[in-house]
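See below for the structure under consideration.
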Amino acid sequence: MKILMVCLGNICRSPMAEGILRKKAEARGINITVDSAGTDGWHAGQHPDKRAVLIAKQYGVDISKLVARKFSVNDFDLYDRIYVMDASNYSDVLEMARNEQDRLKVDYLLNASSAGSNENIPDPYYGGEDGFIQVFRMIEKACDSIIEKLMTLNKSEKESLKA
Ligand code: 4NP
């Protein structure tokens with residue numbers, strides 16, 4: 001399973017989501033690929049925002065070495081699931097989709113924990129550290145749900161191999 005996390009700048013929300021999901025998958029022995037990208041390229045080549053790095057570190061997740069990049073149409077071929085943080089990311093990514101198969105890969109990250117809610121993870125860039133903590137917790141909840149689903153999938157795959 002290959003999962004891409006997408007936000008606007010790829011320096012706050014999506015690198016946090018990438019780091020959190022990767023760490024949780026490693027801890028449970030789940031083999032997945034996780035990456036992140038931004039719909040805009042302003043911050044391409046930069047490490048995540050210092051506040052995102054700090055808050056993630058306080059929760060035991062090291063995102064300091066991640067490097068921002070811009071989302072590309074090629075990502076539809078490389079990833080199975082594309083999770084966006086908010087409605088604006090959603091429409092920007094969908095605009096680049098070439099077909100229904102591409103469109104079906106895209107979903108709001110918070111739909112992983114509250115299906116069909118289409119809730120936004122707010123952009124914390126212009127706020128203080130509190131905003132980053134709230135965002136971290138929202139992302140973590142969604143990632144826990146993704147992990148639970150992957151564990152169930154893994155289990156049923158193993159059982160079907162045994163049968
Ligand atoms: P992100 O946050 O989309 O969570 O990475 C932002 C980062 C930078 C800007 C906006 C949002 N910016 O305007 O530069």
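All values below were derived from every heavy atom in this structure, side-chain atoms included, with hydrogens, water molecules and symmetry-related copies excluded. The structure displayed is predicted, hence computed values, not measured ones. Start at 1 and go down the list; that is how both ligands and their atoms are numbered. For the single chain, residues carry numbers from 1 onward in sequence order.
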Show me the donor-acceptor pairs, under 3.5 Å and distance only, between side chains in residues 55-63 and residues at least two apart or in other chains.
residue, atom, partner, partner atom, Å
Tyr59, OH, Arg137, NE, 3.3
Tyr59, OH, Arg137, NH2, 3.4
Asp62, OD1, Ser64, N, 3.0
Asp62, OD1, Ser64, OG, 2.7

Query raised in the report: Just by distance, do the side chain of Ser114 and the backbone of Asn111 share a donor-acceptor pair under 3.5 Å?
Result: no
Are there any N/O pairs under 3.5 Å between ligand 1 and the protein, and if so, what are their distances?
residue, atom, partner, partner atom, Å
ligand 1, 2 (O), Asp123, OD1, 3.3
ligand 1, 3 (O), Leu8, N, 2.9
ligand 1, 3 (O), Gly9, N, 2.8
ligand 1, 3 (O), Arg13, NH2, 2.9
ligand 1, 4 (O), Arg13, N, 2.9
ligand 1, 4 (O), Arg13, NE, 2.8
ligand 1, 5 (O), Gly9, N, 3.4
ligand 1, 5 (O), Asn10, N, 3.2
ligand 1, 5 (O), Ile11, N, 3.0
ligand 1, 5 (O), Cys12, N, 2.9
ligand 1, 13 (O), Tyr126, OH, 3.1
ligand 1, 14 (O), His43, NE2, 2.7

Report task. Would you mind listing every ring-ring contact (aromatic ring centres under 6.0 Å, His included) that reaches into residues 78-103, with sequence neighbours excluded? Result -> Tyr90-Tyr108
Query raised in the report: With a 4.0 Å cut-off, would you call Arg69 and Asp35 a salt bridge?
Result: yes
Query raised in the report: By side chain to side chain contact (heavy atoms under 4.5 Å, CB included), which residues pair with Ala142, not counting sequence neighbours?
Result: Leu109, Leu110, Ala112, Ser113
Query raised in the report: Got Arg13 and Pro122 here, is their nearest side-chain heavy-atom distance under 4.5 Å?
Result: no
